[in-house]
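These notes concern the structure reproduced below.
Proteins come first, then strands; the chains are lettered A, B, ... in the order of their sequence lines, and each starts at number 1.
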Protein chains: 2
Amino acid sequence: MKHQGYNRLSMSSQKTQRINQLGEFGLIDLLNKMIVEQRSAVNNAPAHGFRLLVDTGDDTAAWETVKGTELFTTDTVVEGIHFTRSTTPWADLGWKSLASNISDIAAMGGLPTYALITLGLPPETEVEDIKELYRGMLEISNAYGVSLVGGDMVRSPVVFITVALTGYHPAKPMLRTTGKAGDKIGVTGPLGGSGGGLRLMLHKEPTELAISQESTEYLKRCHRRPQPAVDEGRILANAGIATAMDVSDGLADDLSKLCRASGLSARLYSEQIPLHTLLKEAFPDQCLELALYGGEDYILLFMAESELMERVMPQLEQGSVVGELFSGEPGRVVIIDGSGKEIEAGRGGWDHFA
Amino acid sequence: MKHQGYNRLSMSSQKTQRINQLGEFGLIDLLNKMIVEQRSAVNNAPAHGFRLLVDTGDDTAAWETVKGTELFTTDTVVEGIHFTRSTTPWADLGWKSLASNISDIAAMGGLPTYALITLGLPPETEVEDIKELYRGMLEISNAYGVSLVGGDMVRSPVVFITVALTGYHPAKPMLRTTGKAGDKIGVTGPLGGSGGGLRLMLHKEPTELAISQESTEYLKRCHRRPQPAVDEGRILANAGIATAMDVSDGLADDLSKLCRASGLSARLYSEQIPLHTLLKEAFPDQCLELALYGGEDYILLFMAESELMERVMPQLEQGSVVGELFSGEPGRVVIIDGSGKEIEAGRGGWDHFA
């Protein structure tokens with residue numbers, strides 16, 4: 001992967017590498033390496049008296065201030081890639097575009113504070129739709145104590161929404177890199193509901209599924225109005241938990257990312273993964289798959305030694321222990337089913353470019 | 001503009017209003033109003049002990065911290081709208097996408113600190129191009145002491161780049177709303193260079209323009225590598241200047257915005273507007289128009305009473321007084337030419353949706 005003496009003309013030959021060949025993780029690794037190598041530390045922000053705590057690669061960036069830790073995160077959705085207007089009404093889109101960012105702050109154990117909203121919009125967008133979008137953003141902002149303080153609006157052939165969000169942690173944030181072999185793995189709530197809701201809405205003839213009204217409403221609500229686990233994040237941080245992340249791409253995929261960051265493997269016990277009764281009722285054969293590989297549940301995934309895990313569990317309304325970390329290939333996740341059989345977790349996650 | 005009791009079905013009738021009819025400023029005003037009205041102050045970020053100083057509507061958002069003021073801004077460029085690959089190489093695009101954000105921090109008198117980068121990319125994007133983009137970002141980051149601390153990469157049918165940037169001001173930021181009738185208007189450097197560079201590059205047969213090599217290089221550099229006025233912003237803030245903004249859409253348009261925010265009119269003396277010799281040489285008949293209506297110069301525009309203005313000017317390398325504020329229709333800008341004739345400034349700025 002040469003990048004010295006790079007000659008623009010020679011690139012038009014067969015040597016051209018495209019980002020869908022490299023994949024999202026390959027590209028992120030490459031750029032993170034460039035950033036860390038090429039920035040001249042002496043002159044950068046730490047010189048103003050801030051100490052960078054968390055760099056590229058965790059849920060949010062973080063730096064120390066006089067009062068605690070400042071958190072900083074961003075997330076984007078693009079029409080046709082992350083959402084379609086047919087399954088996501090504008091108000092829900094507003095809610096969800098902030099929810100994913102609030103969840104990143106929750107994963108560090110922080111409180112979300114200020115948000116900037118960037119909208120890319122085609123000129124023929126209806127004003128009422130944008131007002132609906134903001135209604136959803138204001139609902140979740142008010143529910144979670146976030147102030148919308150500005151942003152940018154630009155013309156674009158495709159709708160996209162980027163949220164940048166700051167947060168605050170009175171002490172040290174929880175990280176992905178601090179997992180230890182032998183740590184138990186916990187989750188703060190049931191999984192797969194959002195994926196179930198999406199599957200319902202994508203189904204052409206939902207009545208054919210013969211799913212109860214109650215399940216339908218629960219699952220759609222999981223998908224449309226996910227509840228970031230800010231309170232749970234504070235409980236974990238206060239209890240002394242050091243390692244956490246949020247589940248946005250499915251338990252198996254996000255656990256694999258955390259394992260990669262901590263240099264470890266993980267074992268998940270499929271029968272211990274919490275599944276809501278209404279999800280099991282609606283998708284009896286697919287509920288586990290939805291929990292492992294569905295996205296946008298926004299519960300927290302965290303690790304601690306047994307003793308601490310036992311101490312924190314009673315403080316959580318819906319906490320469960322689902323597995324443990326062990327020394328092994330970084331990023332490997334093994335699922336143990338009811339009969340004790342080991343199944344290698346597939347990469348069910350969402351690679352944006354592959 | 002009803003928005004209570006809104007009925008989705010009735011919207012498909014002739015009453016539909018589209019954002020290109022409302023225009024960018026109309027849409028921004030409408031959303032700002034919604035945000036301010038509908039947020040429930042008790043529960044929002046100020047409850048965590050931060051005091052919001054500047055809300056939607058200035059160069060950056062700002063809130064008080066124990067140590068000073070935290071600044072927060074974002075800016076986006078979209079391919080085909082804000083740039084084309086034919087006139088902007090990837091490294092320059094990286095430089096410029098950060099420059100516009102750094103300039104917003106400079107306009108408040110702050111120092112830029114941490115940046116998150118969001119890239120929307122088609123899957124067939126070449127890896128080398130993204131590395132070039134990051135090279136440009138790292139160059140300007142290192143020049144201005146900014147730390148790139150993460151971001152997001154998403155698939156998109158069109159390239160877009162969103163930068164979210166934090167900044168820091170040891171005391172109170174300069175604002176757009178504090179101008180007073182009688183204040184003199186100053187600028188920190190020559191104008192129109194970036195617009196001249198763009199005009200050069202868009203010209204099919206640049207040799208036909210018969211512009212010297214020196215002018216060509218100067219103007220292209222102005223367009224491709226604009227230098228945000230962070231040092232000048234610090235000088236102004238330290239001298240006690242309270243009112244400033246950056247010139248990103250042309251002097252006339254940005255001055256009009258500041259006048260709207262301060263509820264005043266402005267007079268500009270065309271012969272006092274600083275124009276670089278190489279711009280005048282290249283575009284003798286168009287240089288003033290480029291200064292008034294060209295964009296991306298990223299110098300600062302500021303206001304102060306005569307005495308303070310006289311005190312600060314010697315501290316600036318290239319400062320000029322170009323006019324004054326007066327009581328009148330908010331946002332009105334009048335240009336006085338060499339013969340004393342008054343010309344009403346046209347809205348030469350860039351309305352993203354109109």
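- One distance of note links CD1 of I161(B) with OG1 of T162(A); it measures 11.5 Å at 0.5 Å rounding.
- From F72(B), atom CZ reaches atom CG of L116(A) across 4.0 Å, with rounding to the nearest 0.5 Å.
- To the nearest 0.5 Å, atoms CD1 (I130(A)) and CD (Q17(B)) are separated by 12.0 Å.
- Contact record, M153(A) with L27(B): SD-CD2, 3.4 Å, taken as the closest heavy-atom pair.
- Ring orientation note: the planes of F160(A) and F160(B) are close to parallel, at an angle under 30° on the 30°/60° scale.
- The side chain to side chain contact (heavy atoms under 4.5 Å, CB included) with D152(B) is formed by just one residue from the set D75(A), V163(A), V77(A); it is D75(A).
- Looking at L165(A), the atoms closer than 4.5 Å to chain B (heavy atoms on both sides) all sit in the backbone: N, CA, C or O.
- Contact count against chain A (heavy-atom pairs under 4.5 Å) is highest for R18(B) among R18(B), E79(B), E124(B).
- The shortest side-chain heavy-atom distance between P157(B) and V78(A) falls under the 4.5 Å cut-off.
- In terms of heavy-atom pairs under 4.5 angstrom with chain A, the leader among V158(B), T76(B), I117(B) is T76(B).
- With rounding to the nearest 0.5 angstrom, the CG atom of L31(B) is 9.0 Å from the NZ atom of K131(A).
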Derivation of the side chain to side chain contact (heavy atoms under 4.5 Å, CB included) call for I81(B) and V154(A): CA-CA 9 Å; I81(B) 312 285; V154(A) 295; 6.0 Å; no
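- Put simply, the side chain of R155(A) does not reach to within 4.5 Å of the side chain of H82(B), judged on heavy atoms.
- Across all their heavy atoms, I19(B) and E126(A) have their closest contact at CG2-C, 4.5 Å.
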